[in-house]
Amino acid sequence: MKNRIHVFLSLIILLWLNGCCAKSTVVLIPDFDGHVGQVTVATEGGQKVLNEANQAVEVMNKKEAPGKVERLSSEEIRSTFSEALAARPVPPVIFTLYFLPGSNDLTEESKAVLPEIIRVMQSRHSDDIVISGHTDTVGEKDFNYRLALERSQTASQIMVAKGADPSIIKVTSHGEGNPLIRTADEVAEPRNRRVEVTIR
Amino acid sequence: MKRIFMLCLAILIFLPGVAMADEMPIGKTKTTKGEAFMIRGAKEMPLTIGDKIFQKDTIRTGANSSVGILFEDNTILSLGPNSEIVIDEYVFAPEKGLLSMIARMVRGTASYLSGLIGRLAPESVKFLTPDATVGIRGTQFLVKVDGCK
């Protein structure tokens with residue numbers, strides 16, 4: 001009987017330990033271009049902000065606030081995360097094309113970018129190209145969706161004529177929903193009237 | 001009566017599965033090493049480069065293994081060995097103003113670089129660990145979860 005109680009107690013302790021054994025570590029690192037953003041790590045007990053390169057914080061359980069913010073060395077980061085870091089896909093390359101107002105003709109500057117797009121596509125052996133059309137906020141949402149789609153279709157035709165494989169191109173429209181420059185509604189902004197070619 | 005009840009139950013169970021099949025892929029596998037798997041519903045499948053990922057998929061890696069995923073909005077996620085993450089929610093429809101991503105790390109190590117969803121609607125991106133929520137302002141970070149064996 002005493003034995004059984006022992007086993008029972010051990011089980012309880014094991015379960016309790018298991019419930020507490022999860023521990024999270026979050027480390028902020030610079031983006032590929034060197035820019036450092038910000039993350040907040042929050043639990044029921046509080047939150048901590050990381051906003052400098054290689055700052056890290058540990059969370060022991062969901063009730064307690066995250067621990068002290070500390071800066072990790074590159075070696076410490078490597079020793080834990082080298083494999084996750086090595087598995088990161090190469091970031092996509094994004095080219096932006098502009099059209100002459102009210103037409104399906106590219107501006108001279110954008111025409112000059114086309115050979116570079118083809119070159120990057122080939123050098124990366126990409127089989128995953130997304131062409132997305134964008135408008136500014138002048139006009140109805142639905143109208144802008146169709147307008148942006150027409151422009152991305154035009155850009156796709158231009159790319160195919162230059163030698164891109166149409167079977168790997170996905171043509172989409174973001175309408176007025178993904179502006180390069182944020183504006184209020186009904187604002188003419190030439191930089192938002194664009195097509196993006198994303199080589200993934 | 002019991003039959004009708006069972007029928008209703010069956011419809012309730014299978015309907016979400018049917019709806020899921022119509023959904024758009026949310027990303028693609030771009031790198032793999034060793035044993036990388038995807039769990040979709042009751043199915044477990046090995047992941048190879050170019051495989052499509054869908055909302056609600058679980059991604060898992062074995063020992064000495066890793067996987068890298070590029071999402072539709074250019075979010076970059078990679079997992080180190082013995083890791084597991086669930087993509088609970090992923091909506092990328094900027095033309096309709098619908099954007100959200102909820103990823104739940106179960107165990108292991110991960111690297112995360114936010115994409116367009118993070119730029120356009122940072123409050124709609126949530127990265128969860130068993131005991132914390134990571135809020136993201138357009139950035140790259142690493143996560144390690146020492147899970148329970």
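The shown structure was predicted, so the numbers you read here are calculated from the model rather than taken from an experiment. The sequence lines fix the lettering, A, B, ..., with proteins before strands; numbering per chain opens at 1. Because only heavy atoms are used, hydrogens play no part in the values below, and waters and symmetry mates are left out as well, while side chains stay in.
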Could you give the distance from [atom1] ([X]) to [atom2] ([Y]), rounded to the nearest 0.5 Å?
| X | Y | atom1 | atom2 | result |
| --- | --- | --- | --- | --- |
| A:I94 | B:N74 | CD1 | CG | 5.0 Å |
| B:S111 | A:R88 | OG | CZ | 5.0 Å |
| B:L116 | A:S132 | CG | OG | 8.0 Å |
| A:D31 | B:F141 | CG | CZ | 11.5 Å |
| B:E72 | A:R200 | CD | CZ | 5.5 Å |

Answer with side chain, backbone, both or neither: which region of [X] has an atom nearer than 4.5 Å to a non-hydrogen atom of chain B?
| X | result |
| --- | --- |
| A:S82 | neither |
| A:V130 | neither |
| A:H134 | neither |
| A:S24 | both |

Could you check whether any side-chain N or O of [X] sits under 3.5 Å from a backbone N or O of [Y], counting only pairs where one atom can act as donor and the other as acceptor?
| X | Y | value |
| --- | --- | --- |
| B:S78 | A:A87 | no |
| B:Q140 | A:P30 | yes |
| A:T43 | B:A132 | no |

Give a yes or no on this: more than 12 heavy atoms of other residues, nucleotides or ligands lie within 6.0 Å of atom [atom1] of [X].
| X | atom1 | answer |
| --- | --- | --- |
| A:R71 | CZ | yes |
| A:E140 | CD | no |
| A:R191 | CZ | no |

Next item on the list: Answer yes when A:K63 and B:D131 have at least one side-chain N-carboxylate O distance shorter than 4.0 Å, and no when they do not.
Entry: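 No, this pair does not count.
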Check: Is any NZ, NE, NH1 or NH2 atom of the basic residue among B:K144 and A:E58 found under 4.0 Å from an Asp or Glu carboxylate oxygen of the other?
Finding: no
Let me check something: do [X] and [Y] share a hydrophobic cluster, defined by ILVMFWY side-chain heavy atoms less than 4.5 Å apart, either directly or through other members?
| X | Y | answer |
| --- | --- | --- |
| A:M60 | A:V57 | no |
| A:V195 | A:I158 | yes |
| B:V67 | B:M105 | yes |
| A:L50 | B:Y112 | yes |

For chain A, which of [options] has the most heavy-atom pairs under 4.5 Å?
| options | value |
| --- | --- |
| B:T61, B:L77, B:L113 | B:L113 |
| B:T32, B:T29, B:T129 | B:T129 |
| B:G68, B:G80, B:P94 | B:P94 |

Please tell me if the side chains of [X] and [Y] come closer than 4.5 Å, counting only heavy atoms from C-beta onward.
| X | Y | result |
| --- | --- | --- |
| B:R119 | A:N178 | yes |
| B:K96 | A:Y145 | no |
| B:F127 | A:V26 | no |
| A:Q38 | B:I136 | no |
| A:T40 | B:V134 | no |
| B:L142 | A:L85 | yes |

Next item on the list: Tell me, out of A:P89, A:A56, A:G37, who's got the most heavy-atom pairs with chain B below 4.5 Å.
Entry: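 Sorted descending by pairs with chain B, the first entry is A:P89.
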Check: How far apart are the C-alpha atoms of A:E83 and B:K33, what are their side-chain angles, what is the distance that settles it, and do they pass the side-chain contact (heavy atoms from CB on, under 4.5 Å) test?
Finding: CA-CA 10 Å; A:E83 292 181 81; B:K33 184 186 147 197; 3.4 Å; yes
Margin query: Let's go through A:F32 and B:I76 carefully: what are the C-alpha distance in whole Å and the side-chain angles of both, what is the deciding distance for side-chain contact (heavy atoms from CB on, under 4.5 Å) to 0.1 Å, and is it a yes or a no?
Written below: CA-CA 11 Å; A:F32 287 101; B:I76 295 176; 4.2 Å; yes
Margin query: Under a plain distance cut-off of 3.5 Å, with no hydrogens placed, do A:N51 and B:R137 share a side-chain donor-acceptor pair?
Written below: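 No - no donor-acceptor pair under 3.5 Å links their side chains.
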Item checked: Side chain, backbone, both or neither of B:L79 within contact of chain A (heavy atoms, under 4.5 Å) ->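 Backbone only.
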